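Reviewing the structure listed below.
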Amino acid sequence: MDLSFNKNEDYNKQLVYQLKEKLKKVYLGGGQKSAAKQKEKGKLLARERIDYLLDKERPAIEVGAFAAEGMYEAEGGCPSAGVVVKIGYVSGRQCVVVANDATVKAGAWFPMTAKKNLRAQEIAMENRLPIIYLVDSAGVYLPMQDEIFPDKEHFGRIFRNNAIMSSEGIVQIAAIMGSCVAGGAYLPIMSDEAMIVDGTGSVFLAGSYLVKSAIGEDIDNETLGGATTHCEISGVTDYKHPNDQACLDSIRNIMSMLGAPENAGFDRVKPAPPKLKPEDIYGILPDNREKPYDMKEIIMRLVDNSEFEEYKELYGQSIICGLGRIDGWAVGIVANQRKVVKSKKGEMQFGGVIYSDSADKASRFIMNCNQKKIPLVFLHDVTGFMVGSRSEQGGIIKDGAKMVNTVANSVVPKFTVVLGNSYGAGNYAMCGKAYDPRLIYAWPSAKIAVMGGAQAAKVLLQIQESALKAKGETLAEDKRNQLLDDITNKYNAQTTPYYAASRLWVDGVIDPLETRKVISMGIEAANQSPIRKAFNVGVIQT
């Protein structure tokens, strides 16, 4: 019996249990009362619509389940940002599905709703995936219109993306299954095809109340913009259906006739499970982010047959690089080694820290994967780059910049999983959100911040003490300790994976055992978008 393993296992399984409990709450959307109102109208709920549409026998992954978690509390909250996004299969074709959740503020758009919709479109555009919109929204949440309406990454960007995708041949199908008001009316009508559900679907630039106040016309919403009006008089919509189920069946039928996608040519063989038990990850990953462990043991439980071809194994050991397969797909893995290692020069290197030699190795490996057209997988447990006079004189900034450069200019698809720490410039070098990973997910054990909580809290405390000293004030020891605790707790709350997921710094928080599925589906999506750009890192200091 390994007591450390058992302790880790209990801790990590508890984190996964908490994750599943949080997801159950998220899945309730706006609550049972709001759900009942939708049911009274004969409508399916957003998640029910997606479940009905997607192929039952195929896997699916959700994007942004925790978006807006803990935000907009003064407005009553906005679970999942009021919109559900999944990558799945419809009639055998992989696609993105976006469904407004009318149980959340009638599907109104908050700032995070726009950000999440833009993320869904970004995934569709990068991977050339068909995208299906299930529209049921009251439009922009007016009290926050200044945070959602005019800027480049705001509401209007959605329609710009509609136009760009159409020009690039990326299929867009929209179903108007409830309200579709004002600027939001452009989204379904700028799609390739738009269908509407009779009796519940409506689309117009201005509702009956606004029409009455603007031009004095007295008219009801159904006559103004219902299914009969737009399918038989205006010609705005293309198909009319009697209920949600018939509408979704029609989408499945259309999707079954799509021509085959292009192929990027990423290599895949028959998938095989890891020989070593993936469940062991719970016992290997420590219950404390400061504790060391061997990242290779994690990798061996993620790759097919637990086979891993390591690159430069004895050089730059604080980063592990190598080739393997995940669900049959060939991948290049870049991962932070968390155990203490000793270089051939006799230097002890801390786990999770990027040194000059490891940055140099990783840069070369990333270049090789681009040369070979092999997708990259980054596994984060990084505390940053090594500091101090020895590292500075050894050119750590130059070597770190080289790694950041190769990650930024990489043209093969990149996928990021945050297992543990993801701090500072280490987040950048390991392909954090700013470096365009096709998908980025975190485990419940993840920590994402500019630096660790203990270090950051001490720095913030010193700043506050200096400000008080400038005023001639000093802190008593007990007050100082209390302030340090308050700062530490607040900072640590901002480093959790749920805090990151609520702001879409990561696409979601997953059970470690879902990692292979996420990466496999991500590469399958990327394989539908051939690489058009040549790999070029530009000027690199050597």
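Note that these values count all heavy atoms, side chains included, but never hydrogens, waters or copies made by symmetry. Owing to the predicted nature of the structure, the values given are computational and were not obtained by experimental measurement.
Remark: side-chain polar atoms of Asp511 are not paired, donor with acceptor, to backbone N or O of Val16 under 3.5 angstrom. With hydrogens and angles disregarded, no donor-acceptor distance shorter than 3.5 Å links the side chain of Asn421 to the backbone of Ala446. With hydrogens and angles disregarded, no donor-acceptor distance shorter than 3.5 Å links the side chain of Ser529 to the backbone of Asn127. Counting only distance, with no hydrogens or angles, the side chain of Thr237 and the backbone of Ala194 share no donor-acceptor pair below 3.5 Å. At least one donor-acceptor pair closer than 3.5 Å links the side chain of Lys115 to the backbone N or O of Arg503. The backbone N or O of Thr113 sits less than 3.5 Å from a side-chain atom of Asn117, completing a donor-acceptor pair. In this structure, Lys402 contributes its side chain and Ala359 its backbone to no donor-acceptor pair below 3.5 Å. Formation of a donor-acceptor pair under 3.5 Å by the Arg49 side chain with backbone atoms of Met177 is found in this model. A distance-only check finds no donor-acceptor pair linking the side chain of Arg93 to the backbone of Ala260 [under 3.5 Å]. One N or O on the side chain of Lys517 and one on the backbone of Ala60 form a donor-acceptor pair closer than 3.5 Å.
Evaluation of the side chain to side chain donor-acceptor pair (under 3.5 Å) rule for Thr515 yields Trp443 as partners, not counting sequence neighbours. For Ser358, the side chain to side chain donor-acceptor pair (under 3.5 Å) partners at least two apart in sequence or on another chain are Ser318. Every residue two or more places apart in sequence or in another chain was checked for a salt bridge (charged side-chain N to carboxylate O under 4.0 Å, His left out) with Glu309, and none qualifies. Remark: Pro413 pairs with Phe266, Pro375, Phe415, Arg438, Ala526 by the side-chain contact (heavy atoms from CB on, under 4.5 Å) rule, at least two apart or across chains. Listed by chain and residue number, nothing satisfies the side chain to side chain donor-acceptor pair (under 3.5 Å) test with Arg157 (two or more places apart in sequence, or in another chain). With sequence neighbours excluded, no residue satisfies salt bridge (charged side-chain N to carboxylate O under 4.0 Å, His left out) with Asp249. For the salt bridge (charged side-chain N to carboxylate O under 4.0 Å, His left out) test, residues two or more places apart in sequence or in another chain that qualify with Glu313 are Lys296. By the ring pair (Phe, Tyr, Trp, His ring centres under 6.0 Å) test, Phe110 pairs with Tyr72, Tyr141, sequence neighbours left out. Considering only residues two or more places apart in sequence or on other chains, Asp192 meets the salt bridge (charged side-chain N to carboxylate O under 4.0 Å, His left out) condition with none of them.
Scanning all heavy atoms of the two residues, the minimum distance from Leu504 to Lys116 falls at CD1-CA, 3.5 Å. Heavy atoms only, all atoms of each residue included: Met255 and Pro130 are closest at CE-CB, 4.0 Å. When every heavy atom of Ile123 is checked against every heavy atom of Val63, the shortest pair comes out as CD1-CG2, 4.0 Å. In plain terms, the two heavy atoms of Gln349 and Ser343 that are nearest each other are NE2-CB, 4.3 Å. Across Val303 and Glu307, no two heavy atoms sit closer than the pair CG2-O, 3.4 Å. Taking each heavy atom of Gly29 and Asp101 in turn, the nearest pair found is CA-OD2, 3.6 Å.
Between Ser445 and Leu15 the shortest side-chain heavy-atom distance falls below 4.5 Å. You'll find the side chain of Ile354 reaches within 4.5 Å of the side chain of Asn336, heavy atoms only. Contact annotation: the side chain of Lys339 never approaches that of Glu297 to less than 4.5 Å [non-hydrogen atoms, C-beta and beyond]. Side-chain contact between Phe378 and Val334: present, with at least one pair of heavy atoms (C-beta onward) separated by less than 4.5 Å. In this structure, Tyr89 and Pro59 have side chains that are in contact, with non-hydrogen atoms separated by less than 4.5 Å. Residues Gln337 and Asp294 have side chains in contact (heavy-atom distance under 4.5 Å, counting atoms from C-beta outward). Val83 places none of its side-chain heavy atoms less than 4.5 Å from the side chain of Ser137. Counting heavy atoms from C-beta on, the side chains of Val26 and Lys22 never come closer than 4.5 Å.
Enclosure of atom NZ in Lys56 by more than 12 non-hydrogen atoms of other residues, nucleotides or ligands within 6.0 angstrom is indicated. Heavy atoms from other residues, nucleotides or ligands lying under 6.0 Å from CD of Glu168 number more than 12. Around the CZ atom of Phe350, the shell of radius 6.0 Å holds no more than 12 heavy atoms that belong to other residues, nucleotides or ligands. Atom CZ of Arg252 sits in a crowded spot, with more than 12 heavy atoms from other residues, nucleotides or ligands closer than 6.0 Å.
In summary, Arg268 and Asp327 engage in a salt bridge, as defined by a charged side-chain N under 4.0 Å from a carboxylate O. Between Asp267 and Lys373, no side-chain nitrogen of the basic residue sits less than 4.0 Å from a carboxylate oxygen of the acidic one, so the salt-bridge criterion is not met. We find that Asp51 and Lys86 are joined by a salt bridge, their nearest charged nitrogen and carboxylate oxygen being less than 4.0 Å apart. A salt bridge does not link Lys433 to Glu122: none of the charged side-chain nitrogens sits closer than 4.0 Å to a carboxylate oxygen.
Atom CE of Met521 is separated from atom CD of Gln94 by 5.0 Å, given to the nearest 0.5 angstrom. Rounding to the nearest 0.5 Å places CG of Leu439 at 8.5 Å from CD of Glu126.
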Assess the residue pair Leu134 and Val84 against the criterion (side chain to side chain contact (heavy atoms under 4.5 Å, CB included)); give the C-alpha distance rounded to whole Å, side-chain angles, the decisive distance to 0.1 Å, and a yes or no.
CA-CA 10 Å; Leu134 307 181; Val84 183; over 6 Å; no
List the steps, then state whether side chain to side chain donor-acceptor pair (under 3.5 Å) holds for Asp381 with Tyr293.
CA-CA 10 Å; Asp381 199 341; Tyr293 64 95; 2.6 Å; yes
Could you walk me through whether Ile319 and Phe365 satisfy the side chain to side chain contact (heavy atoms under 4.5 Å, CB included) test, starting with their C-alpha distance in whole Å, then the side-chain angles of each, then the deciding distance to 0.1 Å, before giving a yes or no?
CA-CA 11 Å; Ile319 287 185; Phe365 180 72; over 6 Å; no
Test side chain to side chain contact (heavy atoms under 4.5 Å, CB included) on Gln317 and Tyr355; report intermediate values, then the result.
CA-CA 9 Å; Gln317 296 174 75; Tyr355 292 79; over 6 Å; no
Gln371 and Phe535: CA distance, side-chain angles, deciding distance, side chain to side chain contact (heavy atoms under 4.5 Å, CB included) verdict:
CA-CA 8 Å; Gln371 182 85 339; Phe535 178 59; 6.0 Å; no
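Residue pairs meeting the ring pair (Phe, Tyr, Trp, His ring centres under 6.0 Å) criterion with at least one member in residues 496-521, sequence neighbours excluded, are Phe66-Tyr498, Tyr499-Trp505. Annotation: side-chain hydrogen bond (donor to acceptor under 3.5 Å, both in side chains) contacts involving residues 410-419, sequence neighbours excluded, comprise Asn370-Ser410.
Ring geometry, Tyr435 versus Tyr428: the interplanar angle falls from 30° to 60°, so the pair is classed tilted.
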Which donor-acceptor pairs under 3.5 Å do side chains of residues 158-166 form with protein atoms, sequence neighbours excluded?
| from | atom 1 | to | atom 2 | distance (Å) |
| --- | --- | --- | --- | --- |
| Asn161 | ND2 | Gln121 | OE1 | 2.9 |
| Asn162 | ND2 | Tyr133 | OH | 3.2 |
| Asn162 | ND2 | Gln172 | OE1 | 2.8 |

